Each structure stands twice: as C-alpha cells, then as structure tokens.
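Scroll down for the structure; my scribbles are underneath it.
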Amino acid sequence: PEDQPAKGREKRLEGRPREGQETGAEKGRAERAGKVRPRGAGKGRPRGGAESSARRSREALPPSRRDPARPWPASSTSRTRRRCGRTWRTCTWSTATSASRRRTRTVRPYRRPPPAAAGPAGGSARVPRLAGCQRFADYLDAVRKDFVAAARVLRDNCEVHGHSESCYKLGAYQALGKGGLNPDLKAAYKSFVKSCEKGGKKSANACHSAGLLAQDGKANSDQPDPVAARDYYTKACDSNFAPSCFNLSVMYLQGTPGVPKDMSSALKYSLKGCELGHVWACANASRMYKLGDGVEKNDAKAEDLKNRAKQLHKEQKEAASSLTFGE
C-alpha cells in the first residue's frame with residue numbers, strides 16, 4: 001500500500017527473488033543434475049543432463065550387457081518400477097525423476113531366438129549353405145566355364161564339409177584331370193566311395209563309378225576287387241540305377257573270383273534293368289528265356305523282352321537325333 005513506509009517495503013522486496021532468478025535450493029538441485037537448466041525446462045523431457053549421460057553410458061556398454069527392453073536407462077535420481085503382464089508379452093516401465101514428469105512406456109521385451117535344431121549335416125542352416133556351394137560350383141562349371149574355380153569349391157565342399165554331390169563331381173574332375181587337377185583314379189575312387197556312403201542325389205551314380213573302378217582294378221594298383229564292385233553295384237541297383245543292375249547281372253552270368261555264377265540272380269537283375277529301361281538287360285533276359293539258360297524255357301516271354309529291347313533302342317535313337325546344340 002502507498003501509505004506504508006518506504007523502508008519496510010524495500011526490505012520485503014529484498015527477501016523475494018526477482019523474476020527469472022532461481023533460489024539457492026533450485027540452483028543446487030540443477031547443479032547436482034549436471035546442468036543449470038533454463039526457466040521452464042522442468043515442464044517436459046529434460047534437455048541433456050543426467051539422462052543424456054545415462055543414455056551415453058548405456059551405448060558405451062557391450063551389446064551383451066544392454067537391455068533392449070528398456071527405452072533408456074534411468075538416471076541416478078530416478079525411481080523405476082517395472083510391471084509386466086502375466087503373458088510376458090508387454091512390459092510397462094514407469095519412471096519418475098526429480099527433474100521431469102512421470103513417463104510410462106509400454107515395450108515388447110527382448111526374446112533371444114531359440115537355438116536351431118540339429119540337422120543331418122550338424123545344423124539346420126548348414127545344409128542350405130552346403131547346397132548353395134554346390135550350386136555355385138555348377139554355375140562356375142556350366143555357365144562361367146571356370147573349371148579351376150569350380151574344382152576349388154568342390155574340393156572344399158567335399159573334403160571339409162562332406163557334401164555328397166560335391167564329392168561325386170570332384171571324383172569326376174579327378175578322374176578326367178579337369179579344373180587344373182592331375183588325373184588320379186585313386187583319389188577319384190575315394191571321392192566316389194565317400195559320396196556313395198553319404199547318400200544323396202548323386203549317390204547311385206557315385207556307387208556305380210566306384211564299382212567300375214573296383215572291378216577293373218585301376219583304383220587298386222591294377223588288382224580287381226569283384227566283391228567290392230558287386231557291393232557297390234548292388235547298392236546302386238537298389239537305388240534304381242539301371243546300368244548297375246545290368247553290370248550286376250553280367251557278373252552273376254559269367255562268375256568271377258569271389259562272386260560265383262548264379263543264373264537266378266542274373267535273371268533277377270536283368271529283368272530289373274529292363275524295367276528301368278536298359279536295352280542290353282532286356283536282351284540278356286530275352287536270351288535266357290529263349291535258351292532256357294538257368295530258367296524254364298518260355299518263348300512268349302522271350303519275344304516280349306525282345307520287342308521291349310527293340311522299342312527302347314528306337315526311342316534312344318530318336319532322342320539322340322532330336323538333340324540340337326547352340327540354339
């Protein structure tokens with residue numbers, strides 16, 4: 001009031017802080033938070049200060065120690081409570097700090113992916129990777145015509161990872177001396193055997209190739225191994241590989257050391273080879289029925305098998321003449 005003494009009014013004004021001026025308590029709290037804040041900074045999210053330094057300290061942690069479920073770590077002056085649903089699908093973080101209003105964030109907690117189930121090659125992701133290496137080798141061989149690079153990929157995929165199809169193709173490279181490799185039938189035999197034992201798309205072809213090398217002895221210092229050849233031919237024939245069925249029938253027709261002559265087995269494998277489309281297997285079975293060699297004579301069956309052989313021969317000639325290259 002105007003009628004009040006001027007001296008008392010001055011004393012009362014001196015005790016009040018001026019407009020825009022902070023008290024000592026507010027200034028101390030601001031200094032402890034790490035930064036002197038301008039007026040009105042406490043109404044929203046604090047700018048910088050303890051929370052920014054806490055975020056920087058979180059980013060400095062190694063990835064294994066970070067908690068992806070939290071949007072930011074709480075500062076040293078905050079009180080944090082965590083409330084999660086019973087299903088553990090969402091978590092609510094309520095953070096109250098002395099410098100800001102209460103914030104509530106709902107986030108999905110981090111879940112570590114389950115471990116991959118073990119597959120036939122040691123892991124579920126490993127099989128596609130090995131198949132991809134095989135396809136890459138096929139691309140280098142058929143499209144790029146880079147046989148040296150293809151041989152490197154096949155060797156690594158076979159010898160290191162044991163991929164069956166790569167082992168079969170590597171054996172063919174080693175037998176022919178392709179891709180900068182020296183011709184080595186012993187190494188080719190080992191690759192064919194490895195592919196045959198592993199199983200896969202080309203395992204029947206690999207078993208047949210191993211049987212051929214074991215039968216003529218080129219893979220064993222010119223010492224034939226008819227028993228091993230018979231076993232490889234049998235495995236390939238069981239996988240419906242017609243040439244192996246025919247070779248097996250010939251072995252039983254002629255008889256070799258370790259594999260005695262057996263006309264019933266010879267007829268059995270000749271008929272199976274004929275069913276699979278082998279011309280000479282049909283011809284052998286027809287002759288056996290015609291002569292009654294090891295089986296009861298039957299002219300009707302002999303004629304049917306003979307006609308089957310002629311039909312297969314005609315189809316093969318037509319297929320060969322219809323092939324055109326370079327188009």
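Quick caveat, the model's predicted, so the values are computed rather than measured. These values consider heavy atoms only, across backbone and side chains, with no hydrogens, waters or symmetry-generated copies. Index from 1, following the sequence.
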Check step by step if side chain to side chain contact (heavy atoms under 4.5 Å, CB included) holds for H163 and C133. CA-CA 9 Å; H163 191 260; C133 292; over 6 Å; no
[X], [atom1] atom: more than 12 neighbouring heavy atoms under 6.0 Å:
X	atom1	value
K194	NZ	yes
F136	CZ	no
K268	NZ	no
K190	NZ	no

Evaluate the side-chain hydrogen bond (donor to acceptor under 3.5 Å, both in side chains) criterion for residues Q134 and D138: first the C-alpha distance (whole Å), next the side-chain angles of each, then the deciding distance (0.1 Å), finally the verdict. CA-CA 6 Å; Q134 173 59 39; D138 291 339; 2.9 Å; yes
[atom2] on [Y] to [atom1] on [X], rounded to 0.5 Å:
X	Y	atom1	atom2	answer
F241	N205	CZ	CG	4.5 Å
C245	H278	SG	NE2	9.0 Å
C207	Y168	SG	OH	11.0 Å
N247	H208	CG	NE2	5.0 Å
R230	T256	CZ	OG1	8.5 Å
Q215	M251	CD	CE	5.0 Å

Measure the shortest side-chain to side-chain distance between [X] and [Y] over non-hydrogen atoms and say whether it is less than 4.5 angstrom.
X	Y	answer
C196	K235	yes
R287	D293	no
N220	L213	no
R152	L140	no
K272	C237	yes
M263	L253	yes
R308	C274	yes

Steps toward side chain to side chain contact (heavy atoms under 4.5 Å, CB included) verdict (D299, K290): CA-CA 6 Å; D299 293 334; K290 182 74 173 178; 4.1 Å; yes
Is there a donor-acceptor pair closer than 3.5 Å between any side-chain N or O of [X] and the backbone N or O of [Y]?
X	Y	answer
S195	S164	yes
K202	K169	no
S286	C282	no
S166	G162	no
S265	D262	no
D141	A137	no

Nearest atoms (heavy-atom pairs only) where [X] meets [Y]:
X	Y	answer
A236	A204	CB-O, 3.6 Å
A229	G211	CB-O, 3.4 Å
A210	Y189	O-CE1, 3.5 Å
G200	S203	O-OG, 3.0 Å
P224	D222	CD-O, 3.6 Å
Q316	V279	NE2-CG2, 3.4 Å

The test is side chain to side chain contact (heavy atoms under 4.5 Å, CB included); show your working for K297 and Y289 and say whether it passes. CA-CA 5 Å; K297 189 174 180 180; Y289 275 111; over 6 Å; no
Identify, with sequence neighbours excluded, every residue that meets salt bridge (Lys or Arg N to Asp or Glu O under 4.0 Å) alongside R155.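 Only E159 meet the salt bridge (Lys or Arg N to Asp or Glu O under 4.0 Å) criterion with R155.
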Same apolar cluster: [X] and [Y], side chain cutoff 4.5 Å:
X	Y	value
F246	Y269	no
W280	Y252	no
L185	Y232	yes
L267	V259	no
V193	L212	no

Polar contact flag, side-chain donor to acceptor under 3.5 angstrom, Y233-D238: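 Side-chain D/A pair, Y233 to D238: absent.
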Residues Q174, L170; criterion side chain to side chain contact (heavy atoms under 4.5 Å, CB included); working and verdict: CA-CA 6 Å; Q174 291 168 335; L170 177 63; 3.7 Å; yes
